[in-house]
Amino acid sequence: FVRYKRKIEGSIQENQVIPFKEKFFLTYKILKYVMNCENDELYIEDVTVSDVNKLKFLIERYPKNAPKILPSYSVKDICCIIEDKNNLTIDNQLIEKFSDTMSPKTLLNYSNPIRNCVNYAVNNKRILNNNVFSHFNYNISKKLKKESEGKPFTDEELKIIFNHEIYLEKKFDKNFKFWVPILLLYTGARLNEICNLKITDLKLIDEIYCIDVSKSKTEAGIRVVPLH
């Protein structure tokens with residue numbers, strides 16, 4: 001696996017190498033756990049369909065942002081808790097951390113690097129057996145994408161936020177803490193779009209004040225938004 005990983009790294013853009021490594025090694029470490037492999041390198045030929053199915057089971061239940069929320073736990077520790085092999089007594093706080101798992105889109109990003117390594121080996125005839133990773137994939141349907149993007153605030157939730165005494169009495173140590181949520185509410189813009197705004201992005205067009213969104217996640221996001 002590691003040998004083919006290096007070959008793929010040489011063919012991708014420099015700014016993509018570190019994210020590729022991070023995603024590869026998490027999946028790789030989970031697979032090593034699945035196969036009880038203590039060696040430095042795992043061989044593609046040794047992996048079975050059953051191993052890949054177990055890998056999918058574990059990564060689908062792997063907590064999101066694990067290095068931040070579980071800094072003292074290794075990948076092996078986390079996998080053991082997921083399987084509850086050691087009959088661990090898990091407190092409520094830990095259970096809550098394990099309940100927030102990765103979205104389908106993120107799972108796809110984590111499955112791609114190791115699957116690409118196997119595809120490289122198969123396509124270059126370095127391995128002769130069937131590609132057991134062919135089904136290690138996550139097809140993101142439009143419906144699934146929409147569900148993974150999150151839900152909008154309800155009217156009741158918005159009332160709780162903007163009727164809070166912090167807002168009503170303007171108890172803010174920084175002006176942006178007051179204005180950013182309001183701009184998000186009335187423009188529908190993304191958080192990073194609003195936070196990247198400069199004074200020069202406020203423009204008067206046909207006697208209507210607008211914000212010029214010049215930095216966005218997508219090309220379609222670059223736009224001029226009127227302020228009502």
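In this text the structure is predicted, and so the values were computed from the model without any measurement. One is the number of the first residue; the rest follow in order along the sequence.
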Do [X] and [Y] come within less than 4.5 Å of each other through their side chains, counting heavy atoms only?
X    : Y    : value
T101 : E60  : no
V224 : K203 : no
K23  : N112 : no

[X] side, atom [atom1]; [Y] side, atom [atom2] - distance, nearest 0.5 Å:
X    : Y    : atom1 : atom2 : result
C210 : L204 : SG    : CG    : 7.5 Å
R61  : M102 : CZ    : CE    : 11.5 Å
K32  : C79  : NZ    : SG    : 12.5 Å
M35  : L55  : CE    : CG    : 10.5 Å

task: Report the C-alpha distance between L58 and E83 in whole Å, list the side-chain angles of each, state the deciding distance to 0.1 Å, and finish with yes or no for side chain to side chain contact (heavy atoms under 4.5 Å, CB included).
output: CA-CA 8 Å; L58 291 170; E83 289 199 299; 3.8 Å; yes
field: Test ring-ring contact (aromatic ring centres under 6.0 Å, His included) applied to Y209 - qualifying residues, sequence neighbours left out
entry: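 With neighbours one apart ignored, the set is empty.
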field: Partners meeting ring-ring contact (aromatic ring centres under 6.0 Å, His included) with F162 (sequence neighbours left out)
entry: Y167
- prompt: Between F25 and Y28, what is the ring plane arrangement, given parallel below 30°, perpendicular above 60°, and tilted in between?
  reply: perpendicular
task: Could you check S74 against D77 for side chain to side chain donor-acceptor pair (under 3.5 Å), going step by step and ending with a plain yes or no?
output: CA-CA 5 Å; S74 67; D77 293 335; 3.1 Å; yes
If you compare all heavy atoms of [X] against all heavy atoms of [Y], which two are closest, and at what distance to 0.1 Å?
X    : Y    : answer
V132 : V52  : O-CG2, 3.7 Å
I78  : F98  : CG2-CE2, 3.7 Å
Y110 : T27  : O-OG1, 3.0 Å
Y33  : K76  : CD1-CG, 3.7 Å
I166 : F172 : O-CE1, 3.3 Å

- prompt: For D155, does the CG atom have more than 12 heavy-atom neighbours from other residues, nucleotides or ligands under 6.0 Å away?
  reply: no
Would you list the atom pairs, donor with acceptor, under 3.5 Å between side chains in residues 173-183 and any protein atom, with sequence neighbours excluded?
{"unit_1": "D173", "atom_1": "OD1", "unit_2": "K177", "atom_2": "NZ", "d": "3.0"}
{"unit_1": "D173", "atom_1": "OD2", "unit_2": "K177", "atom_2": "NZ", "d": "3.4"}

- prompt: Could you give all pairs that pass the salt bridge (Lys or Arg N to Asp or Glu O under 4.0 Å) test and reach residues 160-169, with sequence neighbours left out?
  reply: E165-K171, E169-K171
- request: Using the test side chain to side chain donor-acceptor pair (under 3.5 Å), find all partners of D206 that sit at least two apart in sequence or belong to another chain.
  value: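 For D206 there are no side chain to side chain donor-acceptor pair (under 3.5 Å) partners, ignoring immediate neighbours.
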message: For T48 and D51, which I'm curious about, is there any donor-acceptor pair between the side chains at under 3.5 Å?
response: yes
If you group Ile, Leu, Val, Met, Phe, Trp and Tyr by side-chain heavy-atom gaps below 4.5 Å, do [X] and [Y] land in one group?
X    : Y    : answer
V225 : L227 : yes
I160 : F153 : no
L184 : L202 : yes
L158 : Y186 : yes
L31  : V49  : yes

Show every donor-acceptor pair shorter than 3.5 Å between a side-chain atom in residues 64-72 and any protein atom, with sequence neighbours excluded, or say none if there are none.
none

- request: Look at the side chain of N109 and the backbone N and O of T106, then say whether any donor-acceptor pair between them is shorter than 3.5 Å.
  value: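 Checking the backbone N and O of T106 against the side chain of N109, no donor-acceptor pair under 3.5 Å is found.
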field: Derivation of the side chain to side chain contact (heavy atoms under 4.5 Å, CB included) call for I211 and E193
entry: CA-CA 10 Å; I211 54 174; E193 292 174 346; over 6 Å; no
